[in-house]
Amino acid sequence: MGAYSEAYRRSLAERDAFWLAAAQSISWTRAPERALDDSNPPFYRWFPDAELNTSYNALDRHVEAGRGGQAALIWDSPVTGQQRTYTYEELRDTVARFAGALSSLGVTKGDRVIVYLPMVPEAAIAMLACARIGAVHSVVFGGFAPKELAARIEDAKPKVILAASAGIEPTRVVEYQPIVEAALGMTEHQPDHVVMLQREQAPATAGRHFDWRELAAGADPADPVPVAATDPLYILYTSGTTGKPKGVVRDTGGHAVALAYSMEAVYDVHAGDVWWTASDVGWVVGHSYIVYAPLLVGATTVMYEGKPVGTPDAGAFWRVIAEHGVQALFTAPTALRAVKKVDPDARELGKYELERFRTLFMAGERLDPETYHWAHEKLGVPVVDHWWQTETGWPIAANPRGLEPMEVKAGSATKPVPGWDVRILDQAGEELPAGREGAITVKLPLPPGSLPTLWGDDERYREAYLSRYEGHYLTGDSGYFDEDGYLFVMGRTDDVINVAGHRLSTGSMEAVLASHPAVAECAVIGVADQLKGQLPRGFVVLKAGVEVSADQLRDELVALVRRDIGPVAAFRDVSIVDALPKTRSGKILRKTMRAIADGRDEAVPSTIEDPSVLEAIRNALR
C-alpha cells in the first residue's frame, strides 16, 4: 500500500490516532488527549480537551526556535509601487502591539472584530492580533458594497470595525470610508469603535474613527491568550442561495492542525520555503493560505496587491515569482486565463528566471483542460488542480504532493485528501458507480478544520448542508469518480455561481433586479465565460404598461447590482423577455435555462407551463 492509500485508510479507520498524531505539529498550552467528540451528532467537535493560541503558533514559536530573522511576510504592491518584508520577529512584535491596541478599545476573548481592508499587511496583522487575544475576526472583502457589509455587521455584531481609507485598483481608487459610514447607517447594531488605516491615495476625513497608526504606537504589546480548541477563530460569510449571508465558523484547534497538515501533505511546503497565494484575504483562500497555513509551518508568505494583468503587464506573476524566489504559487484558473488572453505565447515569461519555482496549484473554480495544458506547457512544472470550499477551509480533493505525488489527469482534482470520506450519491441517496455523475457529498464526521456550524444558527447549518442526505455533508457540487478513483467536479447544483473564483449568489442579484420599479419578475443564471469561468446573466419581465428602452433599463440594473453587491459581481448582461420558463406550480426553471446557456440538450421538464417561452430565452442568449 502506497503512502497516500495508507494515510487515507488510517484517517477514516483510525480517526483519533491519525489526527492526534497530526496534532503534534502544533504547540498547545494543553495538549489534546482526545481527537473527535462525537457525543452530539451532527455537531462534531475536534480536540475538545485542548487549549492553544493560533497567533503564538504562527509567530512566537518560530522566533523562539531561532528563526526570528527569517522573512515571514513579503508585501508586494505594484498598484502603489511599494514593497515591504516583515521578519518573524518584526511581525510578532507588530501583531502583539496591535493586539494591545485592540485590548485598549475593550476587545476581549470572544468579541467580534470586522476587518474591512484591502491587500495590505495590516489585514494579516489584524487577523493575527484578534487571534492573539482570543477575539473572533470576520474579514469582509474590500470590494463589497454597503448593503453587503451591513448584513455582516448586523449578524456578527462586532465591538470594533477595522477599515482602510481606500483600496487601490489599477485604474481607480475605491474610497472605503463612505462605504463603512453608509453600512453603519443601515444597521441597528453599532460597534463601539472604528479604526481607520490611512492610505495616502485617499485619506479618510475626520470622523468617529481612531487613526490606526496612532492607536498602535501608543499601545502595550499583548501576550497570547490560550483559548479552547473548540472556540471560534473567525467567522467568514459566504453567499447563501437565499437572503442573509451564512457565517461559516472556523474553530481554533482543528483549523491549526488541518492547515499545518495540508501544507505538508498536499502542498509540500515547509519552514523556510517561499509560498505565494494570489488571492484576497477577504476570501477563504486568503484566510487559509495567505495568512494562517504558511505562517503555522514557518514558511515565507507573499501578499500581492495587484492583478495578473495590467499591473503593469501580463508578466506580473512571473516577476513576483522571480523576484521573491517563490517555490509554489496557488491561484485561480481565471488569473491564468487573463494572462493567456493578453499573452498567449507567454512572451513575458521569457524575461524572468524562475529557477526556484516548482509547482503551480489551482483552485477556486474548475480548471478547464485548455488552461491546464497551456500552463503546464509554458511553465514546465506540475500544474495541480484541487477542490475545496469556504465551508471546508482546506482541500477536499487534491494531488498530495508531499504525501505521494500522483499522475495528473486534466479536468480532475485527483483524489480525496485524507480525512475526507467523499461519496457520489444519486437522488435517492444511493452510491453511484465509477463514471456516473451525481451529488458530491462527504460522509460525516467532517475532518478538523471544516465548519462545525454557522454563526448563531445551528438549525440553518443542519438545513443547508446536512438535511438532503442523512449522515452526509452536501457540497452543492456534482461530479463523479473515474475507474482509478480520481474525482471530477463538474459544477454547482444550486444557484451560487463562481465569478473569477468568487462565489456569488444569483438569488441575491435577483433580489436587486426585482427592486427596480419596472421589473415584474426576473431570473439570474451563471453562463460560462472563457476568462472568468462564469458570469451572471439576467432576464427580466417588465410590469404591464411600462415603457423603457432596453439600453436604459440595462444601465440602471447594472448600476443597482454594482451598488448593492459590488463590482465583484461583474453583472453586465440583462435581457428583457416576455415571460420566464416556469413549472405549473410557478417554479422558475433555472436549471433548464443554464442548460440552454451552456448549449446542452436537456430534456424539457414535463411540468413546464409554456414550452414556447424557452425559445425566447434561446434567442436572447444567441
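Residue indices begin at 1 and follow the sequence shown.
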Interatomic spacing from [atom1] in [X] to [atom2] in [Y] - rounded to 0.5 Å:
X	Y	atom1	atom2	value
Thr54	Arg250	OG1	CZ	12.0 Å
Ser450	Tyr465	OG	OH	11.5 Å
Ile235	Arg112	CD1	CZ	6.5 Å

Problem set entry | Minimum heavy-atom distance Leu295-His62, with the two atoms named |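 Scanning both residues, the minimum pair turns out to be O-NE2, 2.6 Å.
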
Exercise. Can you name the closest pair of heavy atoms from Leu354 and Ala322 and give their distance?
Worked result: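 Shortest heavy-atom separation between Leu354 and Ala322 comes out as CD1-CB, 4.1 Å.
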
For this session: Test Asp268 against Arg401 for salt bridge (Lys or Arg N to Asp or Glu O under 4.0 Å), laying out the working first.
Result: CA-CA 6 Å; Asp268 194 24; Arg401 304 299 298 172; over 6 Å; no

Exercise. Picking from Met119, His287, Met303, His502, what satisfies side chain to side chain contact (heavy atoms under 4.5 Å, CB included) with Asp280?
Worked result: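 Passing option: Met119.
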
Between [X] and [Y], does any side-chain N to carboxylate O distance fall below 4.0 Å?
X	Y	result
Arg319	Asp76	yes
Glu305	Arg199	yes
Arg208	Asp192	no

Problem set entry | Ring centre gap for Trp75 and Tyr304 strictly below 6.0 Å |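 No, the ring centres sit 6.0 Å or more apart.
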
Problem set entry | Name of the residue among Tyr176, Phe141, Phe144 meeting ring pair (Phe, Tyr, Trp, His ring centres under 6.0 Å) with Tyr116 |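 Result for ring pair (Phe, Tyr, Trp, His ring centres under 6.0 Å) with Tyr116: Tyr176.
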
Exercise. Which residue, Tyr289, Phe361, Trp420, Trp283, forms the ring pair (Phe, Tyr, Trp, His ring centres under 6.0 Å) with Trp388?
Worked result: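 Considering Tyr289, Phe361, Trp420, Trp283, a ring pair (Phe, Tyr, Trp, His ring centres under 6.0 Å) with Trp388 is found only for Tyr289.
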
Exercise. Does the side chain of Gln177 pick up a donor-acceptor pair with the side chain of Thr205 at under 3.5 Å?
Worked result: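 Thr205 and Gln177 do have a side-chain donor-acceptor pair below 3.5 Å.
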
Exercise. Does one side chain, of Glu89 or Gln70, offer a donor that lies under 3.5 Å from an acceptor on the other?
Worked result: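 No, no side-chain donor-acceptor contact under 3.5 Å.
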
